[in-house]
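Letters A, B, ... are given to chains in the order of the sequence lines, protein chains preceding strands, and every chain is numbered from 1.
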Amino acid sequence: MELSKLGVQETKKEKKTQEKGLSDLPGVEGEVVLRFAPNPSGPLHIGHARAACLNQEYVKRYGGKLILRVEDTDPRRVDPDAYQMIPEDLEWLKTEWQELYIQSDRLEIYHQYAEELIRLDQAYMCICPGDEFKKLKDQNQACPCRDLSLEENLELWKKMPDMSEGEAVLRVKTDLNHKNPAIRDWVAMRIVEEKHPRIGGDFRVYPMMNFSVAVDDHLMGVTHVLRGKDHLANSEKQKYLYQHFSWKIPEFIHYGRLKMEDIALSTSQARKGIEEGVYSGWDDPRLGTIRAIARRGIMQGAIEELMLEIGVKIADSTVSWKKIYGLNRNLLEDKSNRYFAVLNPEKVEIKGLPEVLKGNIERLKHPDFPEAGFRELYFDGAVYLGQEDLDNNRDKVVRLMDAVNIFIGDEVTYHSASLEEARKSDARIVHWVPSSSNYQVELVMPDASVSNGLIEPESREIRVGDVVQLERVGFARLDSLEGGKLTFYFAHK
RNA sequence: GCUCCGGUAGUGUAGUCCGGCCAAUCAUGUCGGCCUUUCGAGCCGAUGACUCGGGUUCGAAUCCCGGCCGGAGCACCA
């Protein structure tokens, strides 16, 4: 199967040495240094997965390294739990990083470079009120602070830690005539009067993301920056810094926004919902977090495949769950053992069942892989059937898989035994659970609704985290096992 | 409003830079048939797209102009 795929690929390339699929990185000279740089405001979501998978793939393609850099330079936007959750999520994504940096450990570095930038006459202390500066800036006007002498600047800079929030900022000189007002003399350092959740309260002068990112990307030797197109203007801002310091500018690659069908939740909205009790937690099945998706039985491979297919284009894209389910099903189909689980079960006693037909029934765990073995169900004529199957087959013959054919009338009666007989009667073939031995089962759907039912006894061998196929119901992941009750999260058909 | 950027089938994606081999690729979905003791899988088949209008050209998904639609940014967030 793999070979034929490769063969197709090889004959396809002619015009370019371009591989099919994910496009090549521009300006590659030897090894590549990439970085994944999330803000620790919560766990990773599907959007992060894109950056993570792409970075991972490029490192694999070109060799080099991936840096994980946690960007926590705004004490107000830090969720202490995120320092733990981010690496966990990356591990699930099978994204490996070779180096880890946390920006709140590096604040002194940013201070040093800020001061150097002042000495280079490429930054100045600005004590104008924000709205006044904006007014001038919008008219391409310099504010009075722009002309401060080096001495005056350094003096203010030294005093900055003692000033209060909003009193002063350090601005990078760019171009007051830049078409985009946002680029003009942007802020590099500002005062934040808030204890940092991770490093405590000694620092008050924090770098802005644009400053710390550029300094770090340079210091860490990053060759290619993959980021969302919301950073387009930021890349432009950062280029000024590279020029001021005479640093080599990395390749910036911007990709479009990723929207997820049915999920319009930002991290902050999700947090709010969790706090209000609307969602059970970061892994609530309705959320777009990595942990929620994982909990639903979506495999890492499906997400990776999806992300590599979407690639790096700048146009926005909307991910459909059907696409994910399709990819996921391809991954699960061969590996998932089958079990009978009946939802909304109704007990049925089959009248007139010949004694000889009672006994243990064996059924393959996987119809295509006999080597997976058999499971056993004891059949004695008392079974649970799904209410839906019962309702849909009123006055019809139905075959219980691997057992007998029954007629569903006012009461349920034995009809015949053979499969041929079932075919003749055009019987629907349904699954069932023995009434003599079973476990309770709970199935949590993607919308967080819950169905209850019963599952066959051999389900005891399923371990938490396994994804199995509940025959005729769909693929589901065992989430927990408590007091003889199995709770599954439904993935898809 | 200003600055910038996009728009290929239901969805995602290839092709767009270097116009013809594109009546447009692949995936996923959907529909039909076969098969199957799952409504899963498999096999076979089908459906379905170049945002619109001009222009350049022998020839345009590809180049140019305009419209329409969509998005991002315009912070002392990242």
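One finds no side-chain N or O of A/Asn234 lying less than 4.0 angstrom from the OP1 or OP2 phosphate oxygen of B/rG73. An OP1 or OP2 oxygen of B/rA75 is reached within less than 4.0 angstrom by a side-chain nitrogen or oxygen of A/Lys134. Proximity of A/Arg329 to the phosphate of B/rG29: a side-chain N or O atom is located under 4.0 Å from OP1 or OP2. Contact annotation: A/Arg363 does not reach the phosphate of B/rU37 (side-chain N/O to OP1 or OP2, under 4.0 Å). Taking only side-chain nitrogens and oxygens, A/Arg428 never comes nearer than 4.0 Å to OP1 or OP2 of B/rU38. A close approach under 4.0 Å does occur between a side-chain nitrogen or oxygen of A/Lys313 and OP1 or OP2 of B/rU13. When the side-chain nitrogen and oxygen atoms of A/Thr73 are compared with OP1 and OP2 of B/rC77, none of them lie within a distance under 4.0 Å. Close to B/rA72, at under 4.0 Å from its OP1 or OP2, lies a side-chain N or O of A/Arg257.
Counting to the nearest Å, the P atom of B/rA41 and the NZ atom of A/Lys335 are 16 Å from each other. Regarding A/Asn180, its CG atom lies at a distance of 7 Å from the C1' atom of B/rC4, rounded to whole Å. At whole-Å resolution of the value, OH in A/Tyr255 and C1' in B/rG12 are 17 Å apart. Across the protein-nucleic acid pair, A/Phe211 atom CZ and B/rA78 atom P stand 13 Å apart, rounded to whole Å. Remark: P of B/rA78 and CZ of A/Arg35 are 13 Å apart, rounded to the nearest angstrom. B/rU38 atom C1' lies 5 Å from atom CD of A/Glu471, rounded to whole Å.
A/Arg61 and A/Asp24 are joined by a salt bridge, as a carboxylate oxygen and a charged side-chain nitrogen come within less than 4.0 angstrom of each other. The residues A/Asp185 and A/Lys173 are annotated as not salt-bridged, no charged nitrogen and carboxylate oxygen being separated by less than 4.0 angstrom. Between A/Arg375 and A/Glu471, at least one side-chain N (NZ, or NE/NH1/NH2) sits under 4.0 Å from a carboxylate O, which counts as a salt bridge.
Using cut-offs of 30° and 60° for the angle between ring planes, the A/His254 and A/Phe252 rings count as parallel.
B/rG20 and B/rA46 have their C1' atoms separated by 30 Å, with the value rounded to a whole Å. Look at the P atom in both B/rG53 and B/rC44: the space between them is 39 Å, to the nearest Å. When the P atom is used for both B/rG45 and B/rU25, the distance is 15 Å, rounded to whole Å. Separating the C1' atom of B/rC31 from that of B/rG10 is a span of 13 Å, rounded to the nearest Å. Going from the P atom of B/rU51 to that of B/rA61 covers 10 Å, rounded to whole Å. Comparing the same atom, P, in B/rU62 and in B/rG40 gives a spacing of 41 Å after rounding to whole Å. Rounded to whole Å, the P atom of B/rC58 lies 15 Å from the corresponding atom of B/rG19. With P as the reference atom, B/rG71 and B/rU11 are 15 Å apart, rounded to whole Å.
Closest to the side chain of A/Arg77, from the set B/rU3, B/rC77, B/rU38, is B/rC77. Distance from the side chain of A/Lys229 is smallest to B/rG71 among B/rU37, B/rA75, B/rG71. Looking at the side chain of A/Ala315, the nearest of the listed nucleotides B/rG73, B/rC77, B/rG6 is B/rG6. Side-chain atoms of A/Ile310 lie closest to B/rU13 of the nucleotides B/rU13, B/rA78, B/rG29. Nearest to the side-chain atoms of A/Ser320 among the listed nucleotides B/rA41, B/rG12, B/rU11 stands B/rU11. Between B/rU37, B/rC76, B/rG6, one nucleotide has an atom nearer to the side chain of A/Met208 than all others, and that is B/rC76. For A/Glu71, taking side-chain heavy atoms from C-beta onward, the closest of the listed nucleotides B/rU11, B/rG40, B/rA78 is B/rA78. Distance from the side chain of A/Val187 is smallest to B/rC76 among B/rA41, B/rU37, B/rC76. When the nucleotides B/rU38, B/rA78, B/rU37 are ranked by their closest atom to the side chain of A/Gln469, B/rU38 comes out on top. Closest contact between the side chain of A/Ile314 and the listed nucleotides B/rC77, B/rC5, B/rU13 involves B/rC5.
Along RNA chain B, the nucleotide nearest A/Asp316 and the nucleotide nearest A/Lys179 are compared for position; the residue whose nucleotide lies closer to the 5' end is A/Lys179. Comparing A/Glu309 and A/Val430 against RNA chain B, the residue whose closest nucleotide sits nearer the 5' end is A/Glu309.
Both distances falling under 3.5 Å, in either a Watson-Crick or a G-U wobble arrangement, occur for no nucleotide opposite B/rG48. A 3.5 Å limit on both hydrogen-bonding distances identifies no Watson-Crick or G-U partner for B/rU37. Base pairing of B/rC63: its partner is B/rG55, meeting the Watson-Crick or G-U wobble criterion (both donor-acceptor distances under 3.5 Å). Of the nucleotides present, B/rG73 is the one that pairs with B/rC2 by Watson-Crick or G-U wobble criteria, both distances under 3.5 Å. Applying the Watson-Crick and G-U wobble criteria (two distances, each under 3.5 Å), B/rG7 pairs with B/rC68.
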The test is side-chain contact (heavy atoms from CB on, under 4.5 Å); show your working for A/Trp97 and A/Arg35 and say whether it passes. CA-CA 8 Å; A/Trp97 61 96; A/Arg35 102 274 127 126; over 6 Å; no

Check: When you look at A/Arg77 and A/Asn39, which way does the side-chain hydrogen bond (donor to acceptor under 3.5 Å, both in side chains) test go after all the steps?
Finding: CA-CA 8 Å; A/Arg77 280 194 44 166; A/Asn39 167 241; 3.1 Å; yes

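Side-chain N/O atoms of A/Glu261 and base N/O atoms of B/rU11 include no donor-acceptor pair closer than 3.5 Å. With hydrogens and angles left out, the side chain of A/Asp368 and the base of B/rG40 share a donor-acceptor pair within 3.5 Å.
A/Glu456 and A/Ser459 share no side-chain donor-acceptor pair at under 3.5 Å. Between the side chains of A/Asp72 and A/Ser104, a donor-acceptor pair is found at a separation under 3.5 Å. Using modelled atom types and a 3.5 Å distance limit, the side chains of A/Ser235 and A/Arg227 yield a donor-acceptor pair.
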